[in-house]
Amino acid sequence: MGADMDLKTYIAECGTKINAAMEKYLPGEDILPHNLHRAMRYSVMAGGKRIRPVLIMASCEAVGGDAESVLPVACAMEMIHTYSLIHDDLPAMDDDDYRRGEPTCHKVFGEAMAILAGDALLTQAFVLLSAPETREVLPHGASSKLIHILARNAGSYGMVGGQAVDIESEGREIDFPTLEYIHTHKTGALILASVQAGALAGGADEKAFAQMTRYGELIGLAFQVADDILDVVGDQKLMGKTLGVDEARGKATYPSFFGLEAARERALELRDMAVAAVEPFADRGDLLKQLAHFIVDRTF
Ligand code: GRG
């Protein structure tokens, strides 16, 4: 679908396909328990850049696979990501009122229902990944490997681990390795898992998978460095969430460690290394290169 498409069109086309597939994969509001299903749909359908699903689709295509076939994987990843946002916004964590430009899930549905909506989205992701219809459209044996990649990167070895260290580090002096641990786990893990999942579902051989892994690690870190920068200089309206939170909560970030300018340089350096990592895919890697630029240059 995408080899010679510009990124804006590609993101828009993927977004339409992902939203249509989500409608199918999320439990309907007419099914019991109505309010829980409403809360799940509210947060998933509130928007968002869909960057992880887009990465899954573009990575699949870069190794010669068919982007349509990875739609269930892309939706499962977005469900996991949305669960993490719902829980991150809770009073016990970041206590945020706005997300994706809308009131947060717990503000609309209450804290208990928001916790359950997050739990149910995480579980629904694995219902979808392990479903016979999903297994059928993936290469032979890919389904269990994909489940492993997503589960490992979402849990305590990945995103949840990063979040735990982040919370423990608030208001404390931390060293640089701890900051890198937080960034590569809290944010980087799901981005890396997206690239790896797309590559695997697209039938990547060992060499291609290793190159994609390097790309995924680099853009994963670049994404969080850019996020740190946007928390300082971003536009709250465009971002759809409260900014300036890191400093207010005493969180260590790339800008607080090195200053804004050095943080920007590091983001550009990571971007350029990521672009180089997908050079062997020639034209088929074009969208991934554009995505590396988008991740670093974005304003939202
Ligand atoms: C609560 C288990 C658990 C994990 C929380 C997602 C997360 C981990 C924390 C959110 C706080 C935060 C600002 C993380 C850094 C980067 C990040 C994941 C931003 C949100 O992702 P985007 O920008 O959001 O892709 P959209 O809304 O576009 O999908």
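Just so you know, ligand 1 is whichever comes first in the structure, and atom 1 is the first atom listed for that ligand.
To the nearest 0.5 angstrom, H106 atom NE2 is 14.5 Å from M113 atom CE.
For the pair R99 and ligand 1, the shortest N or O to N or O distance does not fall below 3.5 Å. Ligand 1 has no nitrogen or oxygen under 3.5 angstrom from a nitrogen or oxygen of Q163. At a 3.5 angstrom cut-off on N or O pairs, D94 does not count as close to ligand 1. Ligand 1 has no N or O atom lying under 3.5 Å from any N or O atom of H87, backbone or side chain.
Proximity to D227 (heavy-atom distance under 4.0 Å) selects the following atoms of ligand 1: 13 (C), 15 (C), 16 (C). In summary, the atoms of ligand 1 found under 4.0 Å from a heavy atom of Y83, numbered by their order in the structure, are 2 (C). Using a 4.0 Å cut-off to heavy atoms of R100, the atoms of ligand 1 that qualify are 26 (P), 27 (O), 29 (O). Below 4.0 Å from some heavy atom of T187 lie the following atoms of ligand 1, by number and element: 15 (C), 16 (C). Under a 4.0 Å criterion applied to the non-hydrogen atoms of K186, ligand 1 contributes the atoms 8 (C), 14 (C). Every atom of ligand 1 with a heavy atom of Q224 under 4.0 Å away is listed here by number and element: 15 (C), 16 (C).
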E78/Y25 under side-chain hydrogen bond (donor to acceptor under 3.5 Å, both in side chains): CA gap, chis, key distance, verdict: CA-CA 11 Å; E78 190 67 11; Y25 297 137; over 6 Å; no

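The closest side-chain heavy-atom distance from I18 to C14 is below 4.5 Å. In this structure, the side chains of T123 and Y83 stay at 4.5 Å or more apart for every pair of heavy atoms. Between R52 and F223 there is a side-chain heavy-atom pair separated by less than 4.5 Å. Residues M93 and I86 are not in side-chain contact: their nearest non-hydrogen atoms beyond the backbone lie 4.5 Å or more apart. Looking only at side-chain heavy atoms (C-beta outward), E279 and K289 come within less than 4.5 Å of each other.
Taking each of D88, D231, I167, V44 in turn, the one with a heavy atom nearest to atom 11 (C) of ligand 1 proves to be D88. Proximity annotation for atom 20 (C) of ligand 1: of V160, L85, D96, L85 comes nearest, heavy atoms only.
By the 30° and 60° cut-offs, the orientation of the rings of Y254 relative to F258 is tilted.
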